[in-house]
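Quick notes on the structure that follows.
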Amino acid sequence: MRDVLPDAAERRLWLESAIHQVFARFGYRPIETPALEDLRFLESGQGGDNEKLIFKTLRRGLDLAQVREVGELADAGLRFDLTVPLARFYATNAPESPAPFRAVQIGAVWRAERPQRGRWRQFTQCDIDILGEPSLLAEVELLTAGGQALAAVGLEEFTIRLNHRGLLTALLGVCGFAAQASPQVLIVVDKLDKIGAEGVERELREAGHPEQAVGALAQVLAKADAATTPDELARLLPSGIDERLLEELRTITDAVALPVGAPKARVVLDVSLVRGMGYYTGPIFEVAAPGLGSSIAGGGRYDEMIGRIGGQPAACGFSIGFERLAEVLTPAAADQSGRVALLWREDQDWPR
């Protein structure tokens with residue numbers, strides 16, 4: 001964890017204000033959720049590896065002499081993202097919420113990471129979500145609003161990578177992987193940018209998956225970069241995959257309105273994109289920007305999470321990596337970008 005000095009704190013306030021202004025124009029209203037959440041929600045099996053990084057709090061009035069299992073020590077923990085708390089929030093407050101419900105949250109989250117450069121144990125996330133909208137209008141609006149927010153703070157070049165969890169599952173089935181093995185296979189595929197196609201193939205073989213299935217998937221992943229449009233992806237994928245999944249991706253890419261303020265922004269398809277969270281059920285996306293090795297934003301559809309807690313199941317979200325965005329828009333970067341420098345030096349309309 002870290003302290004934030006005045007110059008950086010003022011810049012972060014400006015970023016938050018600028019982002020809020022864009023999202024407000026799309027009808028997103030701010031909500032707040034507690035830092036602490038019930039472990040029943042945090043450990044629901046939907047948070048991927050982040051569930052291993054929860055800061056847990058001891059039960060009040062605990063008598064250690066009566067404790068028989070480790071699980072009895074804690075009943076709450078610090079939130080590791082803003083999506084799980086939002087699902088609980090909506091399940092609790094759905095009767096008083098409009099349908100669809102548009103929410104924006106900017107707040108701190110905590111993960112017990114191994115300390116290293118660029119990975120903090122406390123950091124800020126910036127999320128917008130649409131709840132109660134089952135159609136692709138949600139994905140299109142989120143990507144349009146998110147893109148405009150990034151452009152509004154001076155990011156002129158970024159790439160939206162788009163995929164579909166249903167397409168990934170169908171691909172694994174056509175290649176020959178057992179349905180129950182899909183989560184484990186996707187965890188390995190998610191490492192593609194770190195270990196390459198050969199590394200993914202090697203790990204899958206070592207895990208004992210069928211040789212024919214591993215080989216078929218490896219052929220697709222080796223050509224993943226060559227398919228950036230729906231038509232190119234259709235030619236790359238093996239036969240037997242539902243055409244409706246590709247049509248959904250085509251609809252999103254055709255309808256997203258990229259911001260005028262980001263002339264180098266674009267949308268591409270990436271069949272290797274996985275997103276590590278276990279709660280995604282439909283289209284998924286990440287945003288990459290020059291100068292960063294990892295994504296600056298991401299999200300997708302997570303219908304089943306809301307339904308498990310209660311309330312309408314349809315849900316889709318977009319999360320900006322606030323810390324990474326603040327890193328890109330440093331004073332040095334602002335000096336190189338006249339537009340950001342102008343905003344930072346002359347438009348100092350920050351909340352006080």
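In what follows, residues are counted from 1 in the order of the sequence shown.
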Reported [atom1]-to-[atom2] distance for the pair [X] and [Y], which is rounded to 0.5 angstrom:
X: Leu186; Y: Arg275; atom1: CG; atom2: CZ; result: 13.5 Å
X: Thr83; Y: Met305; atom1: OG1; atom2: CE; result: 6.5 Å
X: Ile31; Y: Asp127; atom1: CD1; atom2: CG; result: 9.5 Å
X: Leu167; Y: Leu246; atom1: CG; atom2: CG; result: 5.5 Å
X: Leu42; Y: Leu53; atom1: CG; atom2: CG; result: 12.0 Å
X: Leu236; Y: Thr228; atom1: CG; atom2: OG1; result: 11.0 Å

Got a donor-acceptor contact below 3.5 angstrom from the [X] side chain to the [Y] backbone?
X: Thr57; Y: Ala76; answer: yes
X: Arg79; Y: Ala108; answer: yes
X: Ser295; Y: Gly298; answer: no
X: Asp303; Y: Ala315; answer: yes
X: Glu203; Y: Val200; answer: no
X: Asp75; Y: Arg59; answer: no
X: Arg121; Y: Glu113; answer: yes
X: Ser17; Y: Leu13; answer: no

Discussion item. Using the rule given for side chain to side chain contact (heavy atoms under 4.5 Å, CB included), can you reason through Gln184 versus Val188, listing the C-alpha separation, both sets of side-chain angles and the distance that settles it, and then say yes or no?
Written reply: CA-CA 7 Å; Gln184 292 75 30; Val188 179; over 6 Å; no
Over all heavy atoms of both residues, which pair between [X] and [Y] is shortest? Give the atoms and the distance, please.
X: Ala326; Y: Arg11; result: O-NE, 4.4 Å
X: Ile160; Y: Val287; result: CG1-CG2, 4.1 Å
X: Pro259; Y: Gly147; result: CG-O, 3.3 Å
X: Pro95; Y: Thr92; result: CD-O, 4.2 Å
X: Cys316; Y: Phe285; result: SG-CZ, 4.4 Å
X: Leu136; Y: Pro283; result: CD2-CG, 4.2 Å

Shared hydrophobic cluster, [X] / [Y] (ILVMFWY, side-chain heavy atoms < 4.5 Å):
X: Ile241; Y: Val271; result: yes
X: Phe55; Y: Leu82; result: no
X: Leu245; Y: Leu237; result: yes
X: Ile195; Y: Val189; result: yes
X: Val268; Y: Leu233; result: no

Heavy atoms, side chains only, cut-off 4.5 Å: are [X] and [Y] in contact?
X: Ile187; Y: Val274; answer: no
X: Leu325; Y: Ile19; answer: yes
X: Leu217; Y: Leu204; answer: yes
X: Glu43; Y: Lys56; answer: yes
X: Thr229; Y: Glu232; answer: yes
X: Phe177; Y: His209; answer: yes
X: Arg250; Y: Asp254; answer: yes
X: Ile296; Y: Phe158; answer: no

Worksheet entry | Leu78 vs Leu36, side chain to side chain contact (heavy atoms under 4.5 Å, CB included): CA-CA, chis, key distance, verdict | CA-CA 5 Å; Leu78 291 172; Leu36 284 172; 4.0 Å; yes
Worksheet item: What class does the angle between the rings of Phe101 and Phe89 fall in, given that below 30° is parallel, 30 to 60° is tilted and above 60° is perpendicular?
Response: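 Plane angle under 30°, so parallel.
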Worksheet item: Which is it for Phe123 and Gln125 under the side chain to side chain contact (heavy atoms under 4.5 Å, CB included) test, yes or no, and what are the steps along the way?
Response: CA-CA 7 Å; Phe123 57 96; Gln125 284 192 338; 3.9 Å; yes
Fill in: side chain to side chain contact (heavy atoms under 4.5 Å, CB included) partners of Ser272, counting only residues at least two apart
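Residues passing side chain to side chain contact (heavy atoms under 4.5 Å, CB included) with Ser272: Arg161, Leu192, Leu221, Ala224, Asp270.
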Item to complete: State which residues pass side chain to side chain contact (heavy atoms under 4.5 Å, CB included) with Thr124; sequence neighbours excluded, sorted by chain then number.
Response: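 Testing Thr124 for side chain to side chain contact (heavy atoms under 4.5 Å, CB included), a comparison that skips the adjacent residues, returns Arg12, Ile106, Phe322, Glu323.
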Practice prompt. Could you note down all residue pairs passing side-chain hydrogen bond (donor to acceptor under 3.5 Å, both in side chains) where residues 140-149 supplies at least one of them, sequence neighbours left out?
Written response: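 For residues 140-149, and leaving out neighbouring residues, the side-chain hydrogen bond (donor to acceptor under 3.5 Å, both in side chains) pairs sorted by first residue read Tyr28-Glu141, Arg102-Glu141.
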Discussion item. Suppose the criterion is side-chain hydrogen bond (donor to acceptor under 3.5 Å, both in side chains): which pairs have a residue in residues 167-183, not counting sequence neighbours?
Written reply: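 Every candidate side-chain hydrogen bond (donor to acceptor under 3.5 Å, both in side chains) pair involving residues 167-183 fails, so no pair, neighbours aside, qualifies.
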Worksheet entry | SB check Glu247 Arg244 (cutoff 4.0 Å) |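 Salt bridge between Glu247 and Arg244, a charged N being under 4.0 Å from a carboxylate O: no.
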Worksheet item: When you check the gap from the basic side-chain N to the acidic O, do Asp81 and Arg111 get nearer than 4.0 Å?
Response: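 No, Asp81 and Arg111 are not salt-bridged.
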Item to complete: For Arg25, check salt bridge (Lys or Arg N to Asp or Glu O under 4.0 Å) against everything at least two apart and list the hits.
Response: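 Salt bridge (Lys or Arg N to Asp or Glu O under 4.0 Å) check on Arg25 returns nothing, list empty.
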Discussion item. Applying salt bridge (Lys or Arg N to Asp or Glu O under 4.0 Å), can you list everything that pairs with Glu198, at least two apart in sequence or on another chain?
Written reply: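 Glu198: no salt bridge (Lys or Arg N to Asp or Glu O under 4.0 Å) contacts found.
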Discussion item. Between Arg165 and Tyr280, is the side-chain hydrogen bond (donor to acceptor under 3.5 Å, both in side chains) condition met? List the steps.
Written reply: CA-CA 7 Å; Arg165 264 300 178 90; Tyr280 289 118; over 6 Å; no
Worksheet item: Of the options Asp193, Asp190, Ile284, which is the one that meets Leu273 in a side chain to side chain contact (heavy atoms under 4.5 Å, CB included)?
Response: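 Among Asp193, Asp190, Ile284, the one meeting side chain to side chain contact (heavy atoms under 4.5 Å, CB included) with Leu273 is Ile284.
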Item to complete: Carefully, step by step, assess Phe23 and Ile320 under the rule side chain to side chain contact (heavy atoms under 4.5 Å, CB included).
Response: CA-CA 12 Å; Phe23 291 156; Ile320 292 177; 4.0 Å; yes
Worksheet entry | Heavy-atom neighbours of Arg266 CZ exceed 12 at 6.0 Å |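 Atom CZ in Arg266 is not packed in, count stays at 12 or less.
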Discussion item. For the CD atom on Glu96, are there more than 12 heavy atoms of other groups (residues, nucleotides or ligands in this structure) within a distance under 6.0 Å?
Written reply: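 Yes.
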